[in-house]
Amino acid sequence: FSVHTLGGILASGNTVPIGGGFKIDLGPDIEICKGDSIILAAPDGFETYTWSTGDTTNLITVSSSGTYVLSVTNAGISGSDTILISVRDLPAVELGEAVNMCQGQSKQLDAGEGFASYLWNTTDTTHTLTVSSSGTFSVTVTDAFGCSNTDLVEVTVHDLPEVYLGEDKETCFGDPVTLDAGQGFEYYEWDNGDINPSITVTDQGLYFVTVTDSNLCSATDSIFVTVLSLPVVSLGEDISQPDSVIIDAGPGFVSYEWS
């Protein structure tokens with residue numbers, strides 16, 4: 001008599017006529033993993049086969065836990081034996097929800113400790129995997145008994161938003177300058193605490209803005225504003241005389257405009 005498993009395990013026994021019947025040995029009890037099945041097979045040549053499942057063939061396929069009994073008869077002689085099939089639960093592995101992150105970031109996927117082996121679809125064999133690119137990542141874990149289970153997670157890496165404040169600017173003392181980070185972002189944060197898309201400044205200095213998009217990805221840009229001093233012009237003291245006089249604004253200016 002023999003018991004065959006789908007995994008290739010073969011347990012052999014003997015069918016021996018003794019006294020008024022056959023002594024049938026189904027072999028040792030068997031454990032399988034959930035989702036697997038085994039074939040229990042008896043040799044040909046008996047007149048009848050009766051399994052506890054109701055089957056009447058010489059072999060059956062089983063995938064659930066239980067005690068299976070086979071009775072055979074031949075020329076009025078009968079024999080029977082039982083075998084216990086135990087189904088082990090698969091190891092529980094959970095990689096979590098889909099991952100969304102921004103370009104330049106990384107995420108550690110963790111299959112959990114305590115398994116006998118790990119195999120990621122990247123060929124890594126550790127219980128954690130650090131990823132920084134988009135894709136579907138899966139891991140197969142195997143426990144000490146040899147049962148395996150697989151889980152997968154989708155990772156999406158989003159591009160960073162593009163923000164540009166333009167070239168550095170120059171302005172004259174007292175003239176305001178508007179700095180504009182552009183429309184369409186979820187959040188704005190200027191180094192002066194302002195949270196609007198644009199700000200108006202009059203002081204010289206370096207200004208920063210950080211924008212955040214709908215994926216919660218952020219980018220920063222800066223611009224330097226130079227405040228130019230006003231030109232100094234002096235026409236001198238007031239003049240009171242009837243004759244003509246030359247009034248001089250001084251040389252070196254780009255343009256002159258008299259009233």
Side-chain angles (χ1 to χ4, degrees), residues 1-13 24-43 49-70 80-160 214-217:
F1 186 84
S2 61
V3 178
H4 298 272
T5 74
L6 290 184
I9 302 173
L10 173 62
S12 298
I24 300 176
D25 182 10
L26 294 181
D29 296 338
I30 297 176
E31 291 184 326
I32 63 173
C33 302
K34 186 176 182 180
D36 290 343
S37 61
I38 63 170
I39 297 174
L40 305 181
Y49 301 85
T50 304
W51 294 88
S52 54
T53 59
D55 292 279
T56 57
T57 57
N58 72 311
L59 59 85
I60 61 172
T61 300
V62 299
S63 59
S64 57
S65 296
T67 299
Y68 294 85
V69 182
L70 170 64
S80 66
D81 194 21
T82 63
I83 186 171
L84 176 65
I85 305 298
S86 300
V87 178
R88 296 180 63 94
D89 288 332
L90 299 182
V93 55
E94 175 61 57
L95 293 178
E97 299 295 328
V99 175
N100 287 276
M101 59 185 180
C102 306
Q103 185 179 6
Q105 296 178 333
S106 63
K107 171 71 174 179
Q108 186 180 77
L109 307 178
D110 193 342
E113 296 183 299
F115 299 113
S117 67
Y118 303 81
L119 181 60
W120 298 84
N121 60 342
T122 59
T123 72
D124 289 271
T125 56
T126 54
H127 76 90
T128 61
L129 177 70
T130 300
V131 298
S132 57
S133 59
S134 296
T136 301
F137 296 88
S138 65
V139 63
T140 298
V141 301
T142 303
D143 62 17
F145 179 73
C147 294
S148 298
N149 201 4
T150 300
D151 193 30
L152 57 83
V153 64
E154 189 73 25
V155 176
T156 303
V157 178
H158 299 283
D159 291 333
L160 299 181
S214 58
N215 295 313
L216 300 182
C217 295

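- Closest approach of Val153 to Gly96, counting heavy atoms only: CG2-O, 3.9 Å.
- Annotation: side chain of Tyr68 is in contact with side chain of Ile60 (closest heavy-atom distance under 4.5 Å).
- The two residues Ser63 and Asp36 make their nearest non-hydrogen contact at CB-O, 3.4 Å.
- A donor-acceptor pair under 3.5 Å links the side-chain atoms of Asn58 to the main chain of Ala42, judged by distance alone.
- Considering every non-hydrogen atom in both Thr126 and Tyr118, the closest pair reads O-CB, 3.6 Å.
- In this structure, CG on Asn121 lies 8.5 Å from CG on Leu152, to the nearest 0.5 angstrom.
- How far CE of Met101 is from OG of Ser133: 7.0 Å, rounded to the nearest 0.5 Å.
- At a threshold of 4.5 Å between non-hydrogen side-chain atoms, the residues Lys107 and Leu109 count as touching.
- Distance check, rounded to the nearest 0.5 Å: CG of Leu40 to CD1 of Ile85 gives 5.0 Å.
- A donor-acceptor pair shorter than 3.5 Å can be found between the side chains of Thr53 and Asp55.
- For the residue pair Phe115 and Ala92, the shortest heavy atom distance occurs at CZ-O, 3.3 Å.
- One N or O on the side chain of Asp143 and one on the backbone of Phe145 form a donor-acceptor pair closer than 3.5 Å.
- When all heavy atoms of Phe137 and Leu95 are compared, the pair lying nearest together is O-CD1, 3.9 Å.
- With hydrogens and angles ignored, the 3.5 Å screen pairs no side-chain donor or acceptor of Ser106 with any backbone N or O of Ser132.
- Leu160 is listed as a side-chain neighbour of Cys102, based on a closest heavy-atom distance under 4.5 Å.
- Atom CG of Leu70 and atom CH2 of Trp51 lie 4.5 Å apart (nearest 0.5 Å).
- At least one side-chain heavy atom of Ile38 sits less than 4.5 Å from a side-chain heavy atom of Val62.
- Leu84 places a side-chain heavy atom less than 4.5 Å from the side chain of Ser86.
- With Asn100 as reference, His158 is the one residue of His158, Glu154, Gln105 to meet the side chain to side chain donor-acceptor pair (under 3.5 Å) rule.
- Distance check, rounded to the nearest 0.5 Å: OG of Ser138 to CG of Leu119 gives 8.0 Å.
- At a cut-off of 3.5 Å, with distance as the only test, a side-chain donor of Thr150 or Thr140 sits close to an acceptor on the other residue.
- Across all non-hydrogen atoms, the minimal contact from Ala111 to Val141 is CB-CG1, 4.2 Å.
- Side chain of Ser148 to main chain of Thr142: no donor-acceptor pair is present (N/O by atom type, distance under 3.5 Å, no hydrogens or angles).
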Evaluate Leu129 against Val139 for side-chain contact (heavy atoms from CB on, under 4.5 Å), listing each step before the verdict. CA-CA 9 Å; Leu129 177 70; Val139 63; over 6 Å; no

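- When the shell of 6.0 Å around CD of Gln108 is examined, it contains more than 12 heavy atoms from other residues, nucleotides or ligands.
- If you check the side chains of Thr122 and Asp124, you find a donor sitting under 3.5 Å from an acceptor.
- Separating the NE2 atom in His127 from the CD atom in Glu113 is a distance of 4.0 Å, to the nearest 0.5 Å.
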